[in-house]
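These notes are about the structure you will find just below.
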Amino acid sequence: MSAKRTCLQIPSDGSESCIQSCDWIGNPNKLQEQVICLEPGVSAWKLIQEKIQELSNMDERDAFMVTDLGVLAEQHQMFLKTLPRVTPFFAVKCNNSPSVLQVLANLGTGFDCASRAELEQVLKMGITPSRIIYANTCKQISYLQYAASHGVQLMTFDCEEELVKVAKFHPTARMVLRIWTEDSDSIFPLSAKFGAPLDKCGHLLSIAKDLGVTVVGSCFHVGSGCQTPESFHQAIANARRVFDLGLQMGHPMGFLDIGGGFPGEKNFVPTFEELAAVINRSLDQYFPESSGVKIIAEPGRFYASKICTAVLNIIGKKNVVEKEGGRKLMYYINDGHYNSFALMLRERQTRIPRVVKKFNCKPCLYPSTLWGPTCDAVDRLGPTEIMLPELQVGDWLVFENMGAYTRTINCNFNGFTRPVMTVTIPSELQHLLDPVH
Ligand SMILES: *Cc1c(COP(=O)(O)O)cnc(C)c1O
């Protein structure tokens with residue numbers, strides 16, 4: 001639902017910004033976002049620099065974030081080009097910003113929803129239910145009823161109890177059996193909680209048959225931040241076994257969902273292209289084009305990670321002199337674990353920020369710890385010390401790749417609220433914010 005259309009324009013000549021108009025996206029009463037259109041030649045980074053400049057003359061230096069919807073469109077093109085047989089269904093839990101979902105809707109992706117609220121948000125944009133998969137294997141009964149009454153048919157399961165609920169509360173659903181995957185090498189593994197072991201799948205398929213529940217295919221998730229392409233190969237091979245079992249029992253198996261787990265950052269190893277090469281080969285081996293199987297994926301991180309940049313301010317500093325005379329620095333920052341950095345504590349290393357400060361000569365680097373603003377000592381921006389030049393209270397740190405699992409995981413513990421978000425779109429892509437028709 002887009003209410004008012006106007007657009008804020010940043011002139012490319014570097015002169016002062018002139019506000020011309022702006023775009024409001026989302027339900028006017030609830031999630032409301034202002035979108036700034038960028039003229040050709042103006043980048044989101046330019047806007048960030050302007051904003052830092054402006055705030056540096058003030059005492060009020062709140063943290064802020066900027067989303068670049070142009071990058072979102074680029075990620076989509078990259079996905080289609082690299083995995084040509086796979087239709088993306090974006091995982092809403094990763095970034096549910098109304099303008100992000102609106103752009104994806106107009107680019108033609110489907111959506112992976114896991115709760116009633118996520119289903120509602122997507123359906124309210126006018127998305128047809130066939131573009132939605134309810135990809136949560138264990139669903140509250142009232143949510144199942146909501147899906148049933150709104151025509152959402154595709155949904156996942158991995159156990160007998162779920163089939164019993166579905167038979168009773170959503171008997172026309174088209175079920176997708178989630179299989180267990182080896183994910184011990186993923187940064188955020190999921191298999192402790194989700195997925196039926198391969199040797200239980202025959203039993204589940206036959207229970208479904210007895211209950212009159214239709215199984216149309218199979219799915220898996222190799223864990224978010226997958227580091228081993230082989231996990232995809234093995235999971236696709238296992239999905240083939242499930243297809244064969246289902247077909248023997250008379251289930252109309254024709255739908256394969258290869259889940260998420262694709263890296264969002266450029267320097268991640270393996271790269272998206274390396275993963276995709278293994279996936280494409282495995283798909284051609286086990287689900288050749290001639291099989292007629294529809295293949296989807298549920299990327300989250302891959303689409304969202306690069307689109308946001310977080311700009312934070314140093315609000316406190318401690319100088320720690322060690323016994324041997326070495327120096328360490330502790331910085332207190334106005335965003336942290338209870339806001340945008342909730343998942344970063346589970347990453348292997350603290351992310352390295354860009355320091356917005358000019359040094360006359362090459363500065364010394366010191367082991368530094370970045371702490372969030374709350375009174376909890378868990379509240380750090382990442383698990384490890386990082387090497388930084390000496391900074392002062394009032395200096396800025398810029399974190400890139402902050403679009404995945406940052407805004408959707410959040411609380412205002414201790415009264416610290418999430419940073420204000422500014423959304424930008426290149427003016428030539430503005431039409432992607434139009435309502436879906
Ligand atoms: C979280 C999740 C995704 C998205 O995972 P990414 O690693 O962000 O791509 C997809 N599908 C399901 C079922 C999920 O739980």
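Heavy atoms only: backbone and side chains are in, while hydrogens, waters and symmetry mates are out. Just so you know, ligand 1 is whichever comes first in the structure, and atom 1 is the first atom listed for that ligand.
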With sequence neighbours excluded, tell me which residues meet side chain to side chain contact (heavy atoms under 4.5 Å, CB included) with E428.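 Per chain and number, E428 pairs via side chain to side chain contact (heavy atoms under 4.5 Å, CB included) with P426.
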Contacts of type side-chain hydrogen bond (donor to acceptor under 3.5 Å, both in side chains), residue S340, not counting sequence neighbours: D335
Residues K51, E54; criterion salt bridge (charged side-chain N to carboxylate O under 4.0 Å, His left out); working and verdict: CA-CA 5 Å; K51 225 170 147 125; E54 187 188 319; over 6 Å; no
Residues with a heavy atom under 4.0 Å from ligand 1, by chain and number, are A91, K93, D112, A135, R178, H221, S224, G260, G261, E298, P299, G300, R301, Y405
Any cation-pi pair here, R240 with F287, using under 6.0 Å and within 45°?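 The answer is yes, since R240 meets both limits relative to F287.
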Which pairs pass ring-ring contact (aromatic ring centres under 6.0 Å, His included) with one or both residues in residues 155-195, sequence neighbours excluded? none
Would you say CZ of R174 has more than 12 non-hydrogen atoms from neighbouring residues, nucleotides or ligands within 6.0 angstrom? no
